[in-house]
Participant: 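Below is a structure I'd like to ask you about.
As the structure is a computational prediction, the values presented were derived from the model and not from experiment. Hydrogens, waters and symmetry mates play no part in the numbers below; they use all other heavy atoms, side chains included.
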Amino acid sequence: MGAEHLGFIGYFKQRRFGSEPPVMSLLSLLPPKDRCEILEDVRAYDPANINVFDKLSMAYMKSNRMELGLNLIAQGLAGGHLSYDNGQILRQKLESMQANHRGSFGSAQNYGDCQALLASHVQQMRTNGTYAQLKDFCDVMETYLISRTQTGPATGSGGAIPEWFARFNQEFFSAGSLEALGEVRGRYTAVAHPYVHFSLGSRYLYLGKLDNAFYHLLQASSIGVRNKRAYWDTLFADSVGSSIAQLFSRELIARIPRDLNTFHLFISGYMFLSSSIGLYGNKAYESLANRARMIMSCQHGADITAFLTYGGLREVLAISDHYRSSLGYAEQGMMDFAVNQKENAGTIHQWLEDISVSGRDANDYQTEELVAIGQQRHDAIVNKIKPEFFDGFPVGFPVG
């Protein structure tokens, strides 16, 4: 047993692995290789746990070791730990996922990605009131990630993780009052990084402090747009895209300076959110939700009209994003958010009624069919814009 896994083992000896679905979702934030090592240690003392067979075989497959996953299931059958039916279910699940995803699973491949994803989950849990019951496991995860970040990278690579990243997250998510948040702001507001300003701006927007919210979200947008290549296809693409999406919200849109090109700002937000979604798929549930909201709530008529020349009905695009966001939230065990996003998709579908989509009335489609059409259109839009995006679409942010 690896000494670095003792925190996980101690936790799962007190609360058996599988007894808390949200905990299994949080563990899935780790790179597959790490999950394999941890679950191998769990299996050593809990050899008949079907949840271990399920998640460990999946982790083997996602770390490109499919044969080990199939061998694990065979061992479970031979040892009497799995029934024939359960073994067949796990095997079919493994083979189906490998065939459908072709090796791309949206799993984090480095510890910096994991830290940011965990921080995002903690923020969601604080909002929905579930953090207290999961705090112990979150602490185990954070301790492990800090130790791994200090000892070296996981397999794979990603955007460079700043040295202040873990410290900022710890201080930011521990700030339980407006005064404490102000102290964190004072220490980090000079940091020229979109993640810091997005985090601060989002929290201030939630608290109704619109002046502070607008300042930080505009800073995050400006830093990201002026350094497109630095944040594109990295963990921090969402920080840039979601900041822009929130600038287009009802509370803040009137504050956007008139000397900025709002259409190019809109395109920048759309593209950065699409970058995040391209990296993480449905696991980018916040990016998906923010892209849908930005498309549907944009009140700059000329901007949205110009954007739609790239991809048709915005309702179809939003249905796809809301629905996929619901799948991502559900996978992480955040069912209230999942239900809300699925309802959003259904409501927009009802609005369309008999409007034609690809030659058929919208109400003749199942929602899932519109989701597939919307996803194809999103991909087409990104492919159309991307060739000129990095050197074009100037927003007008001042340099420096």
Side-chain angles (χ1 to χ4, degrees), residues 182 185-186 188-234 236-277 286-287 289-311 314 317-318 378 381-382 384-400:
R185 182 193 188 201
Y188 291 94
T189 195
V191 175
H193 196 286
Y195 180 79
V196 167
H197 291 282
F198 167 65
S199 300
L200 291 169
S202 297
R203 179 73 70 86
Y204 278 121
L205 183 61
Y206 175 76
L207 295 172
K209 302 300 181 181
L210 300 187
D211 289 342
N212 289 347
F214 180 77
Y215 171 81
H216 287 290
L217 293 171
L218 190 67
Q219 287 292 307
S221 304
S222 175
I223 294 166
V225 170
R226 288 188 288 105
N227 301 277
K228 291 177 182 176
R229 295 184 187 278
Y231 299 111
W232 179 264
D233 274 357
T234 73
F236 303 112
D238 174 74
S239 297
V240 182
S242 290
S243 293
I244 295 173
Q246 292 189 47
L247 289 177
F248 279 96
S249 67
R250 181 180 64 255
E251 296 88 350
L252 299 179
I253 191 169
R255 296 170 181 250
I256 297 177
R258 293 188 177 184
D259 55 348
L260 296 188
N261 185 318
T262 54
F263 174 58
H264 289 176
L265 179 63
F266 183 95
I267 289 292
S268 297
Y270 176 86
M271 291 297 286
F272 271 106
L273 290 170
S274 299
S275 171
S276 174
I277 294 162
E286 290 178 322
S287 297
N290 282 329
R291 191 169 71 172
R293 280 194 289 265
M294 186 172 72
I295 290 171
M296 289 302 296
S297 65
C298 179
Q299 297 177 31
H300 283 195
D303 294 339
I304 194 66
T305 299
F307 168 73
L308 293 177
T309 62
Y310 289 101
R314 63 175 169 178
L317 299 173
H378 276 301
I381 292 170
V382 172
K384 285 180 182 179
I385 296 174
K386 190 174 179 180
E388 59 180 306
F389 174 64
F390 293 104
D391 299 316
F393 295 97
V395 174
F397 289 118
V399 176

Participant: Using 30° and 60° as the class boundaries, would you call the ring planes of Tyr204 and His216 parallel, tilted or perpendicular?
Facilitator: parallel
Participant: To the nearest 0.5 Å, how far apart are CE in Met294 and CD1 in Ile253?
Facilitator: 11.0 Å
Participant: How would you list, by chain and number, every residue that makes a side chain to side chain contact (heavy atoms under 4.5 Å, CB included) with Val382, sequence neighbours excluded?
Facilitator: Tyr270, Met271, Ser274
Participant: Determine the minimum heavy-atom distance between Asp233 and Ala237, stating which atoms define it.
Facilitator: N-CB, 4.4 Å
Participant: So, do Val225 and Phe393 sit near enough that their side-chain heavy atoms are less than 4.5 Å apart?
Facilitator: no
Participant: Let me confirm one number: the NZ-CZ distance from Lys209 to Arg203, rounded to the nearest 0.5 Å.
Facilitator: 14.0 Å
Participant: A side-chain contact here means heavy atoms from C-beta on lying under 4.5 Å apart; do Phe214 and Leu247 qualify?
Facilitator: yes
Participant: Going through the checks in order, is the side-chain contact (heavy atoms from CB on, under 4.5 Å) test met by Leu260 and Leu218?
Facilitator: CA-CA 11 Å; Leu260 296 188; Leu218 190 67; 4.3 Å; yes
Participant: List the atom of Gly224, the atom of Tyr231, and the distance in Å for their closest heavy-atom pair.
Facilitator: CA-CD1, 3.9 Å
Participant: What residues form a side chain to side chain contact (heavy atoms under 4.5 Å, CB included) with Tyr215, not counting sequence neighbours?
Facilitator: Arg185, Thr189, Gln219
Participant: Between Asn212 and Leu200, does the side-chain contact (heavy atoms from CB on, under 4.5 Å) criterion hold? Intermediate values first, please.
Facilitator: CA-CA 8 Å; Asn212 289 347; Leu200 291 169; over 6 Å; no
Participant: Please assess Asp391 against Lys228 for the test salt bridge (Lys or Arg N to Asp or Glu O under 4.0 Å), listing each intermediate value before the final yes or no.
Facilitator: CA-CA 9 Å; Asp391 299 316; Lys228 291 177 182 176; over 6 Å; no
Participant: Stepwise, does the side-chain contact (heavy atoms from CB on, under 4.5 Å) test hold for Phe272 with Phe389?
Facilitator: CA-CA 11 Å; Phe272 271 106; Phe389 174 64; 4.1 Å; yes
Participant: Closest heavy-atom contact between Leu210 and Arg255?
Facilitator: CB-NH2, 3.5 Å
Participant: Assess the residue pair Val240 and Phe236 against the criterion (side-chain contact (heavy atoms from CB on, under 4.5 Å)); give the C-alpha distance rounded to whole Å, side-chain angles, the decisive distance to 0.1 Å, and a yes or no.
Facilitator: CA-CA 7 Å; Val240 182; Phe236 303 112; 5.7 Å; no
Participant: For the residue pair Pro194 and Ala220, what are the closest heavy atoms and their distance?
Facilitator: O-CB, 3.6 Å
Participant: Aromatic rings His193 and Tyr195: how do their planes relate, parallel, tilted or perpendicular, breaks at 30° and 60°?
Facilitator: perpendicular
Participant: Where do Ser202 and Leu217 come nearest, in terms of heavy atoms and distance?
Facilitator: N-CD2, 4.1 Å
Participant: Does a sphere of radius 6.0 Å around CZ in Phe390 hold more than 12 heavy atoms from other residues, nucleotides or ligands, not counting ones at 6.0 Å or beyond?
Facilitator: yes
Participant: Does the His378 side chain pair with the main chain of Leu317, one donor and one acceptor, at a distance under 3.5 Å?
Facilitator: yes
Participant: As a test of understanding, state which of Ile295, Leu273, Ile277 forms a side-chain contact (heavy atoms from CB on, under 4.5 Å) with Asn290.
Facilitator: Leu273
Participant: To the nearest 0.5 Å, how far apart are OG1 in Thr262 and CD1 in Ile256?
Facilitator: 7.0 Å
Participant: Please report the shortest heavy-atom distance between Ile244 and Ser221, naming the atom on each side.
Facilitator: CG1-OG, 3.3 Å
